[in-house]
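Below is one structure, written out as structure tokens; comments come after it.
The chain is numbered in sequence order, starting from 1.
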Amino acid sequence: MNNETWERDYSRRTAFGLLARLIAPYKGLAAATLLLLCCDIVGMLLVPTELSALLNSVTSGAGMGAVWRHGATMLVASLLGSLGCIASYRCAANLAAKVGRDLRTSVYEHSLALSTADFNRFGAGSMITRTLSDANVVQQTLLMCFTMMGPAPVTCVVAVVIAFGIDPVMGRVLLCVTLVVLLISALAVKKSAPIFLVMQGFIDRMNVRLRESITGVRVIRAFGKEGYEQRHMEETFEDYAARAIRVNLLFAVTDSMTFFLMNAVESLIFWVGMDRVGAHAMQIGSITAVIEFAMLIMFFMMMAQFALLQIPRALACLSRASEVLSTEPSIADPAAGAIAGSADGEKVAAGADLSGARADVVARFDHVSFRFDDADEDTLHDLDFVLRRGQTTAVIGSTGSGKSTIAKLLLRFLDVTAGSLEFGGEDVRGLAQAELRSRIAYVPQKAWLFSGTVASNLRDADPDADDERLWHAVDVAQGAFVHELEDGLEARVAQGGTNFSGGQRQRLSIARALVRRADLYVFDDSFSALDYKTDAALRHALKDELADAAVLIIAQRVSTIRDADQILVLDEGRVAGLGTHDELLRVCPTYRDIYESQMKGGN
């Protein structure tokens, strides 16, 4: 077995395994759906059977009693079939919707547990497709399998058996019709299944293109690249459209052949049936039953082929979802009950509450180095410093020196590759991520706001915060503009905060961090969009507000950090200096160069 065949078989096994796990909680619902489908099929096949018996009774002069008896049976059969059809469709839709919901939830929740590097392996566009489009395909295919493909084999077998009971010749005709339609459906599935698999990949590409165009629309307009992006987008859409046209053309040919066969089979049954009636091998009323059986077989086979065409695509979607679900997060919480060693030798349960940890040292970088998985050398080299309560630590350095990586290590978005990083006296790898992050208030480089209101964004830090606390955080963050908004804290916020300026978004992000009562506040280049006057006023307000916590400021402006208790200077990931502003001006050439370039040689 070659690698390609093994991978395909493995992919199918994982897909069916995932589907079995998704259906397992709803075994009762699945069994009820199948039972109701059987009622539908039984009622549907009884109607033509009783109709032929009624016609035979009339032609043989059996009297009105036989007519009433067969008519009543037809009525009961039609009611049984109709009620079974309605109930089975409702149950199938319910089952498919629950499976689709569980699949979306599982993929989404697992994606939240993945680290940034794990997530980037798939890409945002692909993850959107796997969570939404792929789950919809699985949901629709499962519904089609129950309602369109499930009745087909039962109908074919029962109808052929009844036809053989009516007349062996008519049974053989119906069997040949079944085999021909099955062959046509198999050829259609074989031709279209690979195209469906390719089309799912094109949906990923379209998602990526659309996200790039939407998020980068300002850049596109600023550089006048609308035409180029439009051509790029059209190429992606045309590739998808070409495959879709091929599939639709195949469907059109298959449908045409099926409808042609319906008419041809009807004529054939009439011709053969009349010959058999003339030979007294069967009664004339039985011809109607055989014709009805043939139409039902062809109808359900045509419906089944649509479901069959979707199955390879659904299996591909399940495999893609399974790929996400089987990815082990590279950054994970310690096992339940795991013990993490503290710096002084005490053993504390992982995830212990740190709110009582009032030690002077909040976080310690103990000869920490970090390297990305795909990098040839370390991004950070041998960092050794501490963050103390009541002190402000600043990090400065050129672009790409690794400043923001320090914040990501503290929040455990990344794990150190050498040395150790401690928080509250515990190695961060021995703490639950949720507990660690609950003790840190973080303002990222990009001031991102969620759609909703100002209040709902601020309460991301603490859902229980009252309005008085929110207004206090806004005032400390120099957010006077919020008071001027017509709705104040209930003012609308667009997705990403695009209805506010860059400086306003930064101040709201800072206010959101201040709402949280934390041991450590991390400001990752979050003053860059503020003017110097607002920057100074904000830092002055923060000094009193955060006097009982450790503060880490990552910045590129010397004016922002010059009053910090200690300043860490990074140069290509290495510590070039550590001290106060005045000390670094005397002993650190790198810091002095940054200072002189920004102050233009002034004092």
Spacing of S509 atom OG and Q504 atom CD [to the nearest 0.5 Å] | 11.5 Å

Any side-chain heavy atom of E323 sitting closer than 4.5 Å to one from F122?
-> yes

Before accepting this row, confirm whether a basic side-chain N of the pair D519/R439 lies closer than 4.0 Å to the acidic partner's carboxylate O.
-> yes

T498 side chain to A494 main-chain N or O, any donor-acceptor pair under 3.5 Å?
-> no

Return yes if some donor-acceptor pair links the side-chain N/O of S88 with the main-chain N/O of G84 below 3.5 Å, else return no.
-> yes

Using a cut-off of 6.0 Å, state whether more than 12 heavy atoms not belonging to R101 lie near its atom CZ.
-> yes

Shortest non-hydrogen contact from A321 toward V107 = CB-CG2, 3.9 Å

Before accepting this row, confirm whether a basic side-chain N of the pair R469/D462 lies closer than 4.0 Å to the acidic partner's carboxylate O.
-> yes

Tell me, do L458 and L489 make a side-chain contact under 4.5 Å, heavy atoms counted?
-> yes

So, do L296 and M44 sit near enough that their side-chain heavy atoms are less than 4.5 Å apart?
-> yes

Donor-acceptor contact present, side-chain S78 to main-chain L75, <3.5 Å = yes

Exam field: side chain N120 to backbone G123, donor-acceptor pair closer than 3.5 Å = no

What is the distance from atom CD of E109 to atom CG of L114, rounded to the nearest 0.5 Å?
-> 12.0 Å

Parallel, tilted or perpendicular, as decided by the 30° and 60° cut-offs, for the rings of F523 and Y521 | parallel

Decide side-chain contact (heavy atoms from CB on, under 4.5 Å) for T33 and Y89; before the verdict, give the C-alpha distance in whole Å, the side-chain angles of both, and the deciding distance to 0.1 Å.
-> CA-CA 8 Å; T33 303; Y89 272 52; over 6 Å; no

Distance col, row N94:CG vs K98:NZ, nearest 0.5 angstrom, shows 4.5 Å

So CG of L179 and CG of L175: to nearest 0.5 Å the spacing works out to 4.5 Å

Check: L36 main-chain N/O paired with D40 side-chain donor or acceptor under 3.5 Å | no

Whether S111 side chain and Y108 backbone form a donor-acceptor pair below 3.5 Å = yes

Would a 4.5 Å heavy-atom cut-off, applied to side chains only, mark S526 and Q445 as touching?
-> no

Quick one: do D524 and S404 satisfy side chain to side chain donor-acceptor pair (under 3.5 Å)? Show the steps, please.
-> CA-CA 6 Å; D524 186 0; S404 294; 3.0 Å; yes

What are the two closest non-hydrogen atoms of A513 and V443, and how far apart are they?
-> CB-CG2, 3.4 Å

Neighbour count above 12 (heavy atom, 6.0 Å) for Q495 CD | no

If only atom types and distance count, is the side chain of R130 paired as donor or acceptor with the main-chain N or O of R320 below 3.5 Å?
-> yes

Do the side chain of R492 and the main chain of G452 share a donor and acceptor less than 3.5 angstrom apart?
-> no

Checking L409, I406, V416 against F370 for side chain to side chain contact (heavy atoms under 4.5 Å, CB included), the one that qualifies is L409

Answer yes or no: is there a side-chain heavy-atom contact under 4.5 Å between Q139 and L103?
-> no

Check the pair L520 / F423 against side-chain contact (heavy atoms from CB on, under 4.5 Å), numbers first and verdict last.
-> CA-CA 10 Å; L520 172 63; F423 189 91; 4.0 Å; yes

Quick one: SG on C91 to CG on L35, what's the gap to the nearest 0.5 Å?
-> 9.5 Å

Of the non-hydrogen atoms in A159 and L174, which two are nearest, and what is the gap between them?
-> O-CD2, 3.7 Å

Yes or no on side-chain contact (heavy atoms from CB on, under 4.5 Å) for S106 and L325, after CA distance, side-chain angles and deciding distance?
-> CA-CA 8 Å; S106 298; L325 296 174; 4.0 Å; yes

Hey, is D467 close enough to R459 for a salt bridge, meaning N to O under 4.0 Å?
-> yes

Looking only at heavy atoms, which two atoms of A432 and P334 are closest? And how far apart?
-> N-CD, 4.3 Å

Does any N or O in the side chain of T141 come within less than 3.5 Å of the main-chain N or O of V138, such that one atom is a donor and the other an acceptor?
-> no

Of all heavy-atom pairs between R104 and N136, which one has the smallest distance, and what is that distance?
-> NH2-OD1, 2.6 Å

Validation row: L210, M233 side chains within 4.5 angstrom (heavy atoms) = yes

May I ask you to test the V99-L95 pair for a side-chain heavy-atom distance under 4.5 Å?
-> yes

So with a 6.0 Å cut-off around OH of Y26, is the heavy-atom count from everything else above 12?
-> yes

Between the main-chain N or O of S115 and the side-chain N or O of D118, is there a donor-acceptor pair closer than 3.5 Å?
-> yes

Can you tell if the side chain of L431 reaches within under 4.5 Å of the side chain of D333, non-hydrogen atoms only?
-> no

Side chain to side chain contact (heavy atoms under 4.5 Å, CB included), paired with V454, selected from D487, L470, L449, V493 | V493

How close do I554 and A407 get, heavy atom to heavy atom, and via which atoms?
-> CD1-CB, 3.8 Å

How far apart are the C-alpha atoms of R429 and R412, what are their side-chain angles, what is the distance that settles it, and do they pass the side-chain contact (heavy atoms from CB on, under 4.5 Å) test?
-> CA-CA 8 Å; R429 288 167 292 191; R412 213 182 165 213; 3.8 Å; yes

In Å and rounded to the nearest 0.5 Å, what is the CZ to CZ distance from R505 to R512?
-> 12.0 Å

